[in-house]
2 protein chains.
Amino acid sequence: MPTQQRSKATVEAILAAAAQVFRRHGYAATTTDRIAQRAGVSVGSLYQYFPNKDAILVTLAERHIDAGFALVRLLLREALAETPPLAAMLRRFVLAMIVLHEHEPELHRVLFEEAPLPSHVRRRLRERENELASEVSRLLEAHPEACVRSPDVTAYVIVHTVDSLVHSFVLHPPKDIDADMMTNEAVRMLLRHLTAEGS
Amino acid sequence: MPTQQRSKATVEAILAAAAQVFRRHGYAATTTDRIAQRAGVSVGSLYQYFPNKDAILVTLAERHIDAGFALVRLLLREALAETPPLAAMLRRFVLAMIVLHEHEPELHRVLFEEAPLPSHVRRRLRERENELASEVSRLLEAHPEACVRSPDVTAYVIVHTVDSLVHSFVLHPPKDIDADMMTNEAVRMLLRHLTAEGS
DNA sequence: GACGAATGCGAGGAATGCCTCATATTTGGA
DNA sequence: TCCAAATATGAGGCATTCCTCGCATTCGTC
């Protein structure tokens with residue numbers, strides 16, 4: 001619907017403002033009027049481009065999801081081409097996930113922990129995770145060091161372990177444990193699991 | 001405030017109804033009127049015992065948290081007394097977490113993924129997790145088979161790995177992977193990590 | 001510069017849901 | 001039995017927020 005340059009700018013302004021307001025005030029306290037005000041446009045304009053408040057949330061979430069997974073997938077593709085040592089690969093994967101979560105963590109928290117994302121968005125998120133798991137699975141089958149019985153299950157466990165570990169760690173950082181320690185520990189654990197004899 | 005038997009029953013009825021309504025309709029679509037109706041009491045009675053809608057949510061969440069962690073802690077105490085083989089212990093731990101999450105999963109999802117739990121409740125949840133991690137840490141130090149460099153970090157990783165893995169698995173079960181496969185995989189991974197030489 | 005299409009405006013209608021309060025009923029003890 | 005305290009009731013006030021709609025402004029084009 002937005003064809004002129006001006007209207008695209010409006011849409012972007014609305015999304016940027018929405019990101020700020022959601023981040024600062026949480027889901028419930030975010031009103032369309034506030035978003036419009038912060039964006040420097042009127043509510044009318046907002047409703048020209050988004051049918052309702054949740055549509056803005058959904059757009060933000062989908063962008064976040066897609067950008068994030070695109071990044072990680074890119075990284076995996078590189079890994080598949082280069083075939084670096086398994087340890088290095090795992091470390092890169094964990095670090096990528098950390099970068100992903102450290103980008104706008106508070107917005108991330110509101111989007112994925114607090115807001116009532118409609119089920120199709122949650123489904124999309126899970127689909128992306130599963131795609132990622134598939135790629136990891138292929139990577140495991142191809143890698144000479146890796147030695148796994150059922151790559152699918154192993155890949156699922158790896159992806160979800162890293163994802164949720166990093167998620168917890170970045171969004172609710174425990175004192176006494178820094179990112180390096182956590183990364184090392186996780187990498188060591190995964191490495192041992194992937195290279196153990198007899199599986 | 002509730003002193004007579006009758007009022008205690010009212011409070012319980014409200015909580016039970018709230019659990020049902022939150023589970024069925026999600027956080028946003030849950031109204032105090034609906035809760036009262038379902039509980040078979042009037043809104044006025046509801047507001048006699050809870051200052052607002054979120055207070056009901058908080059009570060439910062705290063009960064859920066406390067009951068859950070009490071169960072797992074009990075299990076850990078047993079383990080500490082008996083000192084069973086590490087593999088058996090890990091398996092029991094994972095299974096306990098699954099049981100925990102399989103009890104009212106949809107309510108669990110609404111409470112912890114969708115509802116805007118006030119920060120003190122989230123903090124309490126993290127505190128409980130950390131307490132759990134401490135106990136696991138002590139358990140690791142005491143267990144003859146376990147061989148870990150920094151029990152605190154390892155315990156943190158174990159607790160969060162299992163918790164979030166099970167959380168994802170139970171709340172969003174992937175097809176192609178059943179609970180047994182997941183459990184086995186997780187237990188194997190943790191076991192290798194804990195018993196590997198040189199750490 | 002003039003005209004139609006695209007975009008922007010913002011006061012206010014409409015709906016919703018939280019919560020109060022004046023009143024009614026029940027309970028337990030004296 | 002009777003009374004004061006405890007408990008229960010539910011219509012409706014109040015505040016909030018979502019969203020519409022009629023009109024103003026700007027843009028691109030001829």
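In the text below, chain A, chain B and the rest are named by the order of the sequence lines, each starting its count at 1. These values consider heavy atoms only, across backbone and side chains, with no hydrogens, waters or symmetry-generated copies.
The aromatic ring centres of B:His108 and B:His167 sit less than 6.0 Å apart.
Between B:Thr161 and A:Met189 the shortest side-chain heavy-atom distance falls below 4.5 Å. Contact of the A:Met182 side chain with the B:Val153 side chain is not registered, since no non-hydrogen atoms from C-beta on lie closer than 4.5 Å.
Taking B:Phe22 as the reference, nothing meets the ring-ring contact (aromatic ring centres under 6.0 Å, His included) condition, with sequence neighbours excluded. Every residue two or more places apart in sequence or in another chain was checked for a ring-ring contact (aromatic ring centres under 6.0 Å, His included) with B:His143, and none qualifies.
The hydrophobic clustering, which links ILVMFWY residues whose side-chain heavy atoms are closer than 4.5 Å, places B:Val187 and B:Ile177 together.
Salt-bridge formation is not detected for the pair A:Glu141/A:Arg138: no Lys NZ or Arg NE/NH1/NH2 atom is positioned less than 4.0 Å from an Asp or Glu carboxylate oxygen. A salt bridge does not link A:Glu114 to B:Arg122: none of the charged side-chain nitrogens sits closer than 4.0 Å to a carboxylate oxygen. Under a 4.0 Å N-O distance rule, the pair A:Arg73/A:Glu131 qualifies as a salt bridge.
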Using a 4.0 Å heavy-atom cut-off, write out nucleotides 4-11 of chain C from 5' to 3' as B (base contacted by protein), S (sugar-phosphate only) or - (no contact). --BSBBB-

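A:Phe50 pairs with exactly one of A:Val58, A:Leu15, A:Thr32 by the side-chain contact (heavy atoms from CB on, under 4.5 Å) rule, that one being A:Leu15.
The outermost nucleotides of DNA chain D lying under 4.0 Å from heavy atoms of chain A, listed 5' to 3', are D:dT17 to D:dC27.
The minimum heavy-atom distance between A:Ala186 and A:Leu165, with the atom names listed, is CB-CD2, 4.1 Å.
The separation between B:Tyr47 atom OH and C:dA22 atom C1' is 18 Å, rounded to whole Å. Residue B:Ile56 contributes atom CD1, which lies 12 Å from atom C1' of C:dC19 at whole-angstrom precision.
Looking at residues 109-122 of chain B, you'll see that no heavy atom sits under 4.0 Å from any atom of DNA chain D. A heavy-atom distance below 4.0 Å to DNA chain D is reached by these residues of residues 22-33 of chain A, ordered by number: A:Thr30, A:Thr31, A:Thr32, A:Asp33.
A donor-acceptor contact closer than 3.5 angstrom is absent between the side chains of A:Tyr156 and A:Ser137.
Figure legend: cation-pi geometry between A:Lys53 and A:Tyr27, with NZ or CZ positioned under 6.0 Å from the six-membered ring centre and within 45° of its axis.
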